Each structure stands twice: as structure tokens, then as C-alpha cells.
Amino acid sequence: MKKVLLLCCAFLPMLLNAQSFNVLDTHPAHNTGKMISQEAANSYGVSLAPERFRGDIPEMKKPAVPKYKAEARHQSLFYSGEDGIEHIVAISENDQITYGESVSRNEFGINGGIFWSPNQKKLAFYRKDESRVTDFPLLDINTRTGELRKIKYPMNGMDSELISLGILDLATNRIVYAQVTDFTEERYLTNISWSPDDRYVFIQVLDRSQHHMKLNMYDASDGSFVRTILTEDNDQWVEPLDPLYFIKGNYQFIYRTDNRDGYRNLYLCDTLGTVTRITPVDADVEYVANDGRYLYYTSAEISPIENHLFRVDIKGRNAKPQRLTPERGWHNISMSSDCKYFVDNYSSFNVPAVSDLRSADGKLVRNLSTAQDPLSEYRTGKVELGTIKSADGKFDNYYRLFYPVDFDPSKKYPVILYVYGGPHSQMVTDSWLGSIRMWEMYMAQRGYIVYVQDNRGTSNRGAEFEKAINRQCGQAEMADQMVGVNYLKTLPYVDSSRIGVHGWSYGGFMTISLVTNYPDTFKVGVAGGPVIDWQWYEIMYGERYMDNPASNPEGFKKTSLIEKATNLKSKLLICQGAIDNTVVWEHSLSFLQKCISNNIPVDYFPYPAAEHNMRGIERVHLYQKISDYFDLFL
């Protein structure tokens, strides 16, 4: 009896940890028709994407055309009025100084460097000083002898750019600078916002460590500091992503953060520091618009893989939110500037694309278009949408699974895991075929099972889920991916000796992490533009998730792939653009050199004139290369 009891106790953890798929929906196989071509599959799927409505809609009122325009050119800044006469705002002093362009490598929701006040009486703009930032050389082969083109690349733990915010008064042609003194001079100035009356500028000032943020108010007439409205502090990270959205007609505004209640929610605030949660849901939400009475926002509260539009009465005490998009799926919303109508573009797992015009209360005005299935003439296998538990058992991770054409459960099939896995991504949604990438369908036609899964660290699931990767990128992500892979290996129609993995950028990092940490699981890997060691990645992104090598030496050692090169048993192909200015060439070349030094076989294919993302013919060539590599070795 004791032996039986001991055996039961020994196997109990294994039984409790056993994971299986929970199938939510399926798309049936279509066993007749054409095969998808490589060109159609890899031109961003454009030729096979569902048709969407693109016509004019009289009810959709558009914002007024701005009177003034500003342009950053040759690192300097200019503006012109209706008369077309160009005026100088600021001329760059040297090649280290830039005016009016995006800063901080487009992190923190930054996508430009020019900020007009609501009445266009004033113009705020970034000034970026990169004199301390190190240069990184990129090889340009387009000259007679080739030449090195230097870019500014602020690597983790090294000197960063210095940012300031200028404010031009068009009436006086006077420029003042916001008097920001918080933290160190390598602070970030994020999410620039104007008060409705042009009098004040608001800056979410973030310290370089990205653990502390102050929402500050500045007088636009002289740049002086007025007050700190609120602060955010977090030992993992603080990541401001949104400007302030002022309520029409007053000085209250909507502010978004995930630092107060565990989810990226919306808060009704005023400039004296009052903060009230206006979307009390355990889900990430995103601002859409407001008309002074109603706040319109999208939310993941129905499901993490669905996106729905809601509205709530701003002034109604304990007002209940109203859902405005009744159909299941992922809804992309375009609101008219007067908030009287919205266009709802949506799809779901078995619905390719629908465009509806609705009034602000959600009532259907008319259907604009309903797309036909663009794959109806093609041979396709069954597609599956479902969940599997995270490695820690706390969360459901969503997946999509493509079965081969003419699938026979009595046969054995190779598996390709396509992975990204990094922050600010969500690979699987309840949109058409689970957010399909046509290459996955293309490979399923060639006899592969293709598996795509989200993991902890990705977005739209709340702070605990996203911040599981803190100071150790790749660890929670790999653990979650392996839960899915290990379950696939138990299926009778999976050939567990023929499992491959492919990913790009963070997915390239994940690919090499998986093949070197689980060398007996993966037979083939194809990694594109991979991060190899986080010390070589940019400050803004890298220090948020990993801190820096001095403060987190254990994390950098654990996540670096250089020393893991000796674990490599798989066939591995690394592809990279030689002028990649996002994940610089030092990453993949350093891994390659480590393999050479240890006489470890590895395949490498550079794209001499390509940057980080492949487009056009380079993308078609790349995916032919990837497909052929799996055909040859998997």
C-alpha cells in the first residue's frame, strides 16, 4: 500500500501539470482548388486579404484641415501658413542636433516630433542632442568601393540622447523651452499634450531607468514648471503610451495607465491631481474619442482575443458602460469627428471582413460591405483556434493551428512553430483565421502542421501577464511555448522528431533561445534579425525589460545566446539585413563567430541592402529561402 501511495504521490504533479488544448473554434478544410503561390503568400498577404470597404461615407465628419503645416527637414524645422510662405523655426547647429523629429527610437507611443496647439497659435517640438551617443557603422555597397554609413545607436548601459521641448509662439516668433528638471538629463519626455486653450503643455517625464514617471504641467508662454499632476512608480517598469485626451469643453482629461489597477485602464483626471478610474474592468482598454458627455473606448473585457467598442457617460455617477459592437470578433473603429457615427470594421475566426456604419449609440445605419472568403478557390486544411495553460498555470494562452491539406490522422506530420513572443505583440486574435499569416497556410499546403501561440510577456492581458518577463527576457516566453510544443508531441499524428521553429526580430531571439535551450526538441530553426545579447540592443526598449548589465548581470548572462551556441544541435539558418538599424549586425555576427570558434555548423544568409523588415522582392526571396530550408532539413 505504501508503494502504491508513493507512486501516486510521485505521478500527481505530472498529472496536475499535464496540459491539453481547449478548442474554441475550427475552420473546415477545403480539399479542392488551387495552391497558394509563394509570391501571394509573402507579399504581406495583400493579394489574399479579405476585401474591405474603401469608399466615402457622407455621415463621417472629418476634422478641419489645419491652417498651418510644419516640416522637419535636414535636421531643421520649418512651418508654413495658407499663403505657402515658409518660416524657419530652428536650424540645426551641427549633425548631432535634430529639431522636430521623433525621439527615443519611437518608444513610449512617440511617433513624431511636432505638436501643434489646438488653435495652432503655438508649436511645440522636440530638440534631440545625440552628441554623446555612439556611432554604429553600416556597410553601404551601392558606391564604387563601398562605404561605411554611421548611425547613432544608443546601446544598453551606454550614453543616451538628450531631449528638450521647444515651444514657438507664432505671434511673437519667440521660442522658449520647457524647464524640465526631474531625474537626470537622460530623462524621456513623452506624450506631449496641449491644454484646450493653448496655455499649457503637459509632459509625461520618465526617468532613464523607466521606474518613475511624473505628469508635469508647464506654462507655454515662458516654459516654466507649473505643477506635477500625478506620479507613477513601479519596480518592474513604467511605460507611458498615450497623450492626455481632454474632455470637450473643460479642463478634465482622460489618462491611461496599467500601473494603478493591474490593467491598462482609463482615468478621469483634472489638473489639480484628482484621479478617478472610469473603466473599472479587469481588462486592457484603449481610448477612442469623447464628445463631452460620452467616453468611447475599445476593451478586451469580453475576451482577450476580442476587441469591442464601449461608451460610458462621463458625468454619470456609477454609470454602466454600454457595448456598441454586438458581433463576436475583433473590431477596428473609426469615429467621426463629431462622435455621431462610427465605422465598424471587424472580422472573426470564420468571418473574413465586415464593414458597418453605426450611429453613436451602436444602432446599425447600414452595411457598407461584407467580404467573401478570399481562400474559397484554394485548397486549405482545417484551422483551429484554442487555448492552452501557461507554464505557471495562471493564464490561458491562445493559439492557432493549421493542419495540412488532405490531413490523415493515421499519418505522422512535421510541425513548424512560428513565434514572436515579445512585448507589444498579440499574434492570435478572434479575427479571420486567428490573424492568419498566409505563409502559415502556404506551409500547411506543403504538408506541415503550423502552430502559433501567444505567451506571457505579450500585450492586451494586463500587467502581471506582460511583466512576467521582467529582467529575464525569453524565460517565461520559452516556458509557455514549450507547454504547447510538448502537448503537440503527444498527439499521434505529430512526428516529434521533426519539429522546427521560425521567428523574426524578438521571434529570432526566441528561435535561437529555443533551439539552444531545448536542443533535443527542435530539429530545424530559422531565425531572422535576432537579438543575441541584450547589451547590444537599444537603451529605450532594452533597459525597460532588462535594466542594464551593471544592475542585472545575472539576467544578462542568463538570456545571452553567445555562450549557448555550444548547445546547438539543430540545423540553424540565420537571415539578416546587413544595414539593419534596429537589431544591428553585431548580434548575429557575434553568434556566428562563436559557432565558428567552436566548429559548430550553422547557416547564414545576409541581405546586403536590407534593413530590419523585409519588403517587396526581398521578402518573397526570404520566405522562399525559409520554406526551402524547412523542406530540405525538416
Side-chain angles (χ1 to χ4, degrees), residues 18-27 258 262-264 281-286 298-308 325 327-332 346-352 381-403 415-441 444 449-469 476-488 490-491 494 501-503 506-507 510 514:
Q19 304 290 355
S20 60
F21 290 157
N22 174 35
V23 179
L24 301 177
D25 206 346
T26 58
H27 185 80
D258 68 351
Y263 292 87
R264 204 166 281 279
V281 295
D282 289 344
D284 286 354
V285 308
E286 188 168 354
T298 53
S299 173
E301 63 197 76
I302 302 302
S303 164
I305 59 171
E306 295 190 48
N307 194 52
H308 287 278
T325 46
E327 291 85 2
R328 168 191 155 184
W330 191 274
H331 297 256
N332 293 305
Y346 74 92
S347 68
S348 58
F349 194 68
N350 283 299
V351 176
K382 184 178 76 170
V383 188
E384 188 174 287
L385 175 71
T387 66
I388 190 165
K389 284 294 181 184
S390 58
D392 63 0
K394 291 183 178 181
F395 303 98
D396 287 328
N397 284 327
Y398 290 84
Y399 73 86
R400 64 177 180 264
L401 183 65
F402 296 80
Y403 288 83
V415 172
I416 297 173
L417 167 66
Y418 177 75
V419 63
Y420 183 78
H424 295 175
S425 71
Q426 186 174 7
M427 301 299 294
V428 183
T429 62
D430 190 2
S431 52
W432 184 55
L433 299 182
S435 302
I436 184 175
R437 296 169 68 254
M438 284 300 167
W439 180 77
E440 297 157 20
M441 188 69 79
I449 293 173
V450 182
Y451 181 70
V452 183
Q453 177 198 301
D454 282 319
N455 49 250
R456 284 173 294 159
T458 54
S459 61
N460 208 34
R461 299 293 301 276
E464 182 184 1
F465 187 88
E466 185 174 357
K467 294 181 179 181
I469 68 172
E477 302 96 302
M478 282 193 292
D480 282 3
Q481 292 290 336
M482 288 305 298
V483 173
V485 170
N486 286 333
Y487 179 67
L488 284 169
T490 70
L491 298 176
V494 166
V501 56
H502 163 54
Y506 201 102
M510 286 291 294
L514 285 164

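Since the structure is predicted, the reported quantities are computational estimates derived from the model, not experimental observations. The analysis underlying the following values was restricted to heavy atoms, covering all of them including side chains, and did not include hydrogens, waters or symmetry mates.
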Between Met510 and Met478, does a side-chain contact (heavy atoms from CB on, under 4.5 Å) hold up when you go through it step by step?
-> CA-CA 7 Å; Met510 286 291 294; Met478 282 193 292; 4.2 Å; yes
Determine whether [X] and [Y] make a side-chain contact, defined as any pair of heavy atoms from C-beta on separated by less than 4.5 Å.
X: Leu401; Y: Leu488; value: yes
X: Asn460; Y: Phe465; value: no
X: Met482; Y: Leu514; value: yes
X: Gln426; Y: Ile305; value: yes
X: Val483; Y: Tyr487; value: no
X: Val351; Y: Glu327; value: no

Main chain of [Y], side chain of [X]: is a donor-acceptor contact present, judged purely on distance under 3.5 Å?
X: Asp430; Y: Glu306; answer: no
X: Asp258; Y: Ala463; answer: no
X: Asp480; Y: Ala391; answer: yes

Only counting residues at least two apart or in another chain, list the ones meeting side chain to side chain donor-acceptor pair (under 3.5 Å) with [X].
X: Ser435; result: Thr429, Ser431
X: Asn455; result: Gln481
X: Tyr451; result: Gln453
X: Asn307; result: none

Exercise: identify the closest heavy-atom pair between [X] and [Y]:
X: Thr26; Y: Asn350; answer: O-ND2, 3.1 Å
X: Phe402; Y: Ala444; answer: CB-CB, 4.0 Å
X: Trp432; Y: Ser347; answer: N-OG, 3.0 Å
X: Ser348; Y: Gly329; answer: CB-CA, 3.8 Å
X: Gly457; Y: Ile469; answer: CA-CG2, 3.6 Å

Which class fits the ring pair Tyr418 and His502: parallel under 30°, tilted 30 to 60°, perpendicular over 60°?
->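 Geometry flag for His502 against Tyr418: tilted rings.
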Listed by chain and number, what are the ring-ring contact (aromatic ring centres under 6.0 Å, His included) partners of Tyr398, not counting sequence neighbours?
-> none
For His308, enumerate each residue passing the ring-ring contact (aromatic ring centres under 6.0 Å, His included) test, keeping only those at least two apart in sequence or located in another chain.
-> His331
Qualifying residues under side-chain contact (heavy atoms from CB on, under 4.5 Å), relative to Ala283, sequence neighbours excluded =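 side-chain contact (heavy atoms from CB on, under 4.5 Å) check on Ala283 returns Val281, Ser299, Ala300, Glu301.
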For Ser425, the side-chain contact (heavy atoms from CB on, under 4.5 Å) test, sequence neighbours excluded, returns Tyr420, Thr458
Could you state the interatomic distance from CD (Glu286) to OG1 (Thr298), rounded to the nearest 0.5 Å?
->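 Rounded to the nearest 0.5 Å, the CD-OG1 separation comes to 5.0 Å.
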Kindly write out the residues that satisfy salt bridge (Lys or Arg N to Asp or Glu O under 4.0 Å) with Glu440, not counting sequence neighbours, or none if the list is empty.
-> Arg400, Arg437
Residues which pass salt bridge (Lys or Arg N to Asp or Glu O under 4.0 Å) with Asp25, listed by chain and number, not counting sequence neighbours =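 Testing Asp25 for salt bridge (Lys or Arg N to Asp or Glu O under 4.0 Å), a comparison that skips the adjacent residues, returns Arg328.
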Donor-acceptor list for residues 383-390 side chains, cut-off 3.5 Å, not counting sequence neighbours:
residue: Glu384; atom: OE1; partner: Tyr403; partner atom: OH; Å: 3.1
residue: Glu384; atom: OE2; partner: Tyr399; partner atom: OH; Å: 2.7
residue: Thr387; atom: OG1; partner: Asn22; partner atom: ND2; Å: 3.4
residue: Lys389; atom: NZ; partner: Asp396; partner atom: OD1; Å: 3.1
residue: Ser390; atom: OG; partner: Asp392; partner atom: OD1; Å: 2.5
residue: Ser390; atom: OG; partner: Lys394; partner atom: N; Å: 3.4
residue: Ser390; atom: OG; partner: Phe395; partner atom: N; Å: 3.1
residue: Ser390; atom: OG; partner: Phe395; partner atom: O; Å: 3.4

